[in-house]
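Note sheet for the following structure.
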2 protein chains.
Amino acid sequence: MMLHTALNWRYATKRMNGRRVPDATLERILDAAHLAPSSYGLQPYSIVVVDTPELRERCQPAMYHQPQVVEGSHLLVFATWESIGNAEVDQLMALIAEERGVEPASLESYRHTIAETVARLSTPEARHQWAARQAYLAMGMVLTAAAMERVDATPMEGFDPAALDEVLGLPERGLRSAVVVTLGYRDLETDWLAGLKKVRWPRDRVIVRAE
Amino acid sequence: MMLHTALNWRYATKRMNGRRVPDATLERILDAAHLAPSSYGLQPYSIVVVDTPELRERCQPAMYHQPQVVEGSHLLVFATWESIGNAEVDQLMALIAEERGVEPASLESYRHTIAETVARLSTPEARHQWAARQAYLAMGMVLTAAAMERVDATPMEGFDPAALDEVLGLPERGLRSAVVVTLGYRDLETDWLAGLKKVRWPRDRVIVRAE
């Protein structure tokens, strides 16, 4: 029940009040992202945390000057890996072997399956799209975790990815932004959306039964 | 804390024990999907619930005979809308106007913004990719909700979308499958993955700081 209370409480906050999300709260929200599942467990993205006011100000033009960028306290930039190939698959196999105490050779058929999937992602765009889906899954968990902490979170797709990447130096890290979440606290005085009814399609348009 | 306990408890269950998820529990999990945010609030997907053993058996070949399909009790097929255009945008405006008791004319600038975005999605593939991201976000909330209900949920990308769509009659509904979640309960006797340590990249590979 607490989950549904939280999901009803959350909304795409348009104006925030400048109060900073405490470090411990932020870390719990990020834990949810870290635990998110992903295709084959490859987690082909990083979450870039932007928390100084100076750097958020520098990001703002690339975010089309939306006020949450500076009125919130943190940006979480979900950024896909530019490189998704055999090197990353081998790193994952080494990690699994170490964490579970098994021989790498015992993972050979698993490695082969992942390598085949990854090989089919033959263009940078295909890799980005695939990785972005995984990032959106993690974003769903972040939005849920934030709501349960009573932290406001605004998912933002309206930005100039190339400009944001440049401000944050993402290309040098092999990263490319896919979507942003701003964390902070709603400003009930200024947010026109704060008091409005949540709107969703009728439940039977979203949830349908197979016959 | 309860959230993190749930996210640590969950894993991509490979074998399930046939026990059925109670209807009330299922509905609470689906509520989380229904409340998921989406780009502009357009929710451009449906979640097709497959719950009879007969129909799940018929789906199994398209799911490459993975056992969870019949050992779980429900498939949730996240399926994107084939049609995402002005008609859907107008429907959304009518819904918002009604739910919030405002004049449709007051939403004109919002309608225009969405219509522009949607118009840029000029191919069926572009629409599917965009809608699939939104569906993955909702899937993140479903996986979280299921874990908090102590229901096992396996996200599944390994299936033949065209074959599954045909079995379920999705083209006739204007839908196209993007990803599947199976719900059920883990079988600790037969699931080789049940006892294994969860593996994630080191936290500082997933969570990085902007400088």
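Chain A is the first sequence line, chain B the second, and so forth, proteins listed ahead of strands; every chain is numbered from 1.
Few gaps surround CD on E108(B); more than 12 heavy atoms of other groups in view lie less than 6.0 Å from it. More than 12 heavy atoms of other shown residues, nucleotides or ligands fall within 6.0 angstrom of atom CD in E172(B).
With a 4.5 Å cut-off on non-hydrogen atoms, E88(B) touches chain A through its backbone and its side chain both. Contacts of L55(A) with chain B are made by side-chain atoms alone, with heavy-atom separations under 4.5 Å and no backbone atom involved. Using a 4.5 Å cut-off between heavy atoms, L42(A) contacts chain B through both its backbone and its side chain. Proximity to chain B involves both the backbone and the side chain of L92(A), based on heavy atoms less than 4.5 angstrom apart. Heavy atoms of E27(A) lying under 4.5 Å from chain B belong to its backbone as well as its side chain. Of the atoms belonging to L30(A), heavy atoms from both backbone and side chain fall under 4.5 Å from chain B. Proximity to chain B (any heavy atom under 4.5 Å) is restricted, for E157(A), to the side chain, taken from C-beta onward. Residue A12(A): no heavy atom, backbone or side chain, is found under 4.5 Å from chain B.
Heavy-atom pairs under 4.5 Å with chain B peak, among G169(A), P37(A), G41(A), at P37(A). If you tally non-hydrogen atom pairs under 4.5 Å between each of Y11(B), W81(B), Y40(B) and chain A, the highest count goes to W81(B). Of the listed residues L170(B), L95(B), V77(B), the one with more heavy-atom pairs under 4.5 angstrom with chain A than any other is L95(B). Heavy-atom pairs under 4.5 Å with chain B were tallied for R173(A), R100(A), E54(A), E99(A); the largest tally goes to R100(A). Contact tally against chain B (heavy-atom pairs below 4.5 Å) for G101(A), A145(A), S46(A), A79(A): the top residue is S46(A). With chain B as the partner, the residue from L168(A), V167(A), N8(A), L75(A) showing the most heavy-atom pairs under 4.5 Å is N8(A). Per-residue counts of heavy-atom pairs under 4.5 Å with chain B were compared for Q134(A), M156(A), Q129(A); the largest is that of Q129(A).
Contact check for L143(A) versus L137(B): side-chain heavy atoms found under the 4.5 Å cut-off.
Nearest heavy-atom pair across M141(B) and G140(A) is CG-O, 3.7 Å.
Atom-to-atom distance recorded for M148(B):CE and L3(A):CG is 5.5 Å, nearest 0.5 angstrom.
Among the residues in residues 195-211 of chain A, those with a non-hydrogen atom closer than 4.5 angstrom to a non-hydrogen atom of chain B are L196(A), K197(A), K198(A), V199(A), R200(A), W201(A), P202(A), R203(A), R205(A), V206(A), I207(A), V208(A), R209(A), A210(A), E211(A).
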